[in-house]
Amino acid sequence: MAFRFHDTLTGATRDFEPREPGVVRMYNCGPTVYSSPQIGNYRAWTFVDVLRRSLELGGYDVRQVMNLTDVGHLTLDEIESGEDKLEAASRIEGKTAWEIAQHYIDEFFEAVARLNFARADEYPRATDHIAEMIEIVEGLIASEHAYVTDAGNVYYDVSSFPAYGHLSKNKLEDLDAGARVGVLDEKRHPSDFALWKRDEKHQMQWDSPWGRGFPGWHIECSAMSRKYLGDELDIHTGGEDNVFPHHECEIAQSEGFTGKTFVRFWLHNRHLLVDGRKMSKSGGTAYSFEDVMARGYSARALRYLLLQTHYRLPMNFTWQALDAATSAVASLDVAVRGMVEDATAAGDAALSATCDRLDAAFLAALEDDLNVSAALASVHELKSLANKHGPFSASDAARVRATWERFDSVLGLDLLATAAAEPETHADDAEIQALVDARTAARVARDWGRADELRDELAARGIKLEDGADGVRWSRA
RNA sequence: GGCGGCAUGGCCAAGUGGUAAGGCAACGGAUUGCAAAUCCGUGAUCCCCGGUUCGAAUCCGGGUGCCGCCUCCA
């Protein structure tokens, strides 16, 4: 297998080789659980899911960890105000910070299931790993990468880590020049970032060598990735906004602590735009997963839409595009469901070679820095082939299904299962069936007026009819 | 102000030197009692200007527009 990925740190697209042959250790930035993620976040996680599934299709054993950040991000403003996002949500919603976190974690996993994301091996919560964070902070202090202030706060000394800024291509001088003024004289450099904040009034607080308080934002990822994947990761992902400061700080922490190269490949996805503009809460375009579902779209259509654009390109979300994705998924369902297998059918000599070619093209596209858009061309070519083909011999049908399975192992659209699934039952099924039968009777009697009237009536109830050679099939819109 | 990215037909979107994948929509045809689904067919010279080259959407220079990061954000 020959994957190539674009690495943010080196700025180059390089041949991918994990440290241990055949095994990929991957850490993904997950949700911060103080509010509902918007669909842009789901773009990031769809990318992660497709990446993980592609690596598995390519034969790798993937060890995947996605963090759940359930402590508030400790940022400059929050040091000043003493209130982080979780605390703010707690105040506004009238629940404890712990309740807020749990609520949004539950919501996240609901979406994970509906979007058919393969489950990571671990979803560690920051609040369960305070001891591991303290261990690293102590180590950083011992090695003089960090210092404790008179107030009992601990900061990372960025001047102690020459590579600080390499990931984001920032120069320390430029960062310092743009730094905000007026606060935090206790920091030695404006760019020093907090590892531990002493605060006995904070809802979430723990004992530490520096007094009761809570950890900084970046340290949990250094601690949890190390605990579950070791000191050296093959892949670390996140949205482009995480490049700085989050991942920049992680490198400083992890490498400052272990002295080893933290990550071999940094993969960052570009943001999702809405109608060509940045998503905005005030503009009403920061749609959540639930918002999209509430408009009647399927999670499968959203998944298809999110995965069809290359992850390193800005993607433009429009409702029209989601309509197109809905149609595209439906057409795949028709093709899979419509395959007819006939034991007496003659074998198609060319079929196997065609499937081999599509299989190879699909994987080759994914290997090329996860070019899903190009891979989809193979998927639709198989769709077209299946639609055009007459009855398949048993072995040909098996060959085509195997290709659908390979494709779907990455697409995650449950194509075969959806095609094979029995329709959901509803209370009025018998009633609908009676109307359908009545229409069939009218058609047999060549009473087209009555037949169309019944079809209109069914359509009004959301029923779509398809008159096929083997009878009428109906489905709910 | 510093750093970086993008601009391909109505919409979404591949394609980094050899004469533009794919999806959705639209239109014409086949099929259908009429539809639906499916099949066949139809459409772009790639933001603008200049340059390099036998040849550029692809390289270089200059514009225009949009997006991102510069301590909230996937």
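Below, chain A is the first sequence line, B the second, and so on; all start at residue 1.
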Among [options], the nucleotide that comes nearest once only the side chain of [X] is considered:
X: A:N41; options: B:rG23, B:rA13, B:rA74; answer: B:rA74
X: A:L273; options: B:rA13, B:rC67, B:rA36; answer: B:rC67
X: A:P245; options: B:rA74, B:rC70, B:rG23; answer: B:rC70
X: A:R443; options: B:rG22, B:rC34, B:rA13; answer: B:rC34
X: A:Q38; options: B:rA74, B:rA35, B:rC24; answer: B:rA74
X: A:E466; options: B:rA36, B:rG33, B:rA25; answer: B:rA36
X: A:R270; options: B:rC73, B:rA36, B:rG4; answer: B:rG4
X: A:H380; options: B:rC70, B:rG22, B:rC3; answer: B:rG22
X: A:A324; options: B:rA37, B:rC24, B:rC69; answer: B:rC24
X: A:K169; options: B:rG68, B:rC3, B:rC39; answer: B:rC3

Please measure how far the [atom1] atom in [N] lies from the corresponding atom in [M], and state the result in whole Å.
N: B:rC12; M: B:rU19; atom1: C1'; result: 25 Å
N: B:rA44; M: B:rC54; atom1: P; result: 29 Å
N: B:rC11; M: B:rC48; atom1: P; result: 15 Å
N: B:rA56; M: B:rC49; atom1: C1'; result: 16 Å
N: B:rC72; M: B:rU58; atom1: P; result: 39 Å
N: B:rA30; M: B:rG15; atom1: P; result: 39 Å
N: B:rU31; M: B:rA36; atom1: C1'; result: 12 Å
N: B:rC46; M: B:rU8; atom1: C1'; result: 4 Å

Ring centre gap for [X] and [Y] strictly below 6.0 Å:
X: A:H268; Y: A:H247; answer: yes
X: A:Y164; Y: A:Y156; answer: no
X: A:F16; Y: A:F3; answer: no
X: A:H218; Y: A:F193; answer: yes
X: A:W319; Y: A:Y297; answer: yes

Determine the contact category for [X]: base if any of its heavy atoms lies under 4.0 Å from a base atom, sugar-phosphate if only primed atoms, P, OP1 or OP2 are that close, otherwise nothing.
X: A:L272; result: base
X: A:G40; result: base
X: A:V243; result: nothing
X: A:S331; result: sugar-phosphate
X: A:D467; result: base
X: A:H310; result: sugar-phosphate
X: A:L465; result: base
X: A:R337; result: nothing
X: A:A328; result: sugar-phosphate

Report the distance from atom [atom1] of [X] to atom [atom2] of [N], rounded to the nearest whole Å.
X: A:W266; N: B:rA74; atom1: CH2; atom2: C1'; answer: 14 Å
X: A:H271; N: B:rC67; atom1: NE2; atom2: C1'; answer: 10 Å
X: A:Y164; N: B:rC69; atom1: OH; atom2: C1'; answer: 12 Å
X: A:D452; N: B:rC34; atom1: CG; atom2: P; answer: 11 Å

Under 3.5 Å, is there a donor on one side chain and an acceptor on the other for A:D7 and A:T10?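 Their side chains do contain a donor-acceptor pair, which is all the 3.5 Å distance test asks for.
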Which residue pairs pass the salt bridge (charged side-chain N to carboxylate O under 4.0 Å, His left out) test when at least one of the two sits in residues 106-124 of chain A, sequence neighbours left out?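 Output for this query is empty, none listed.
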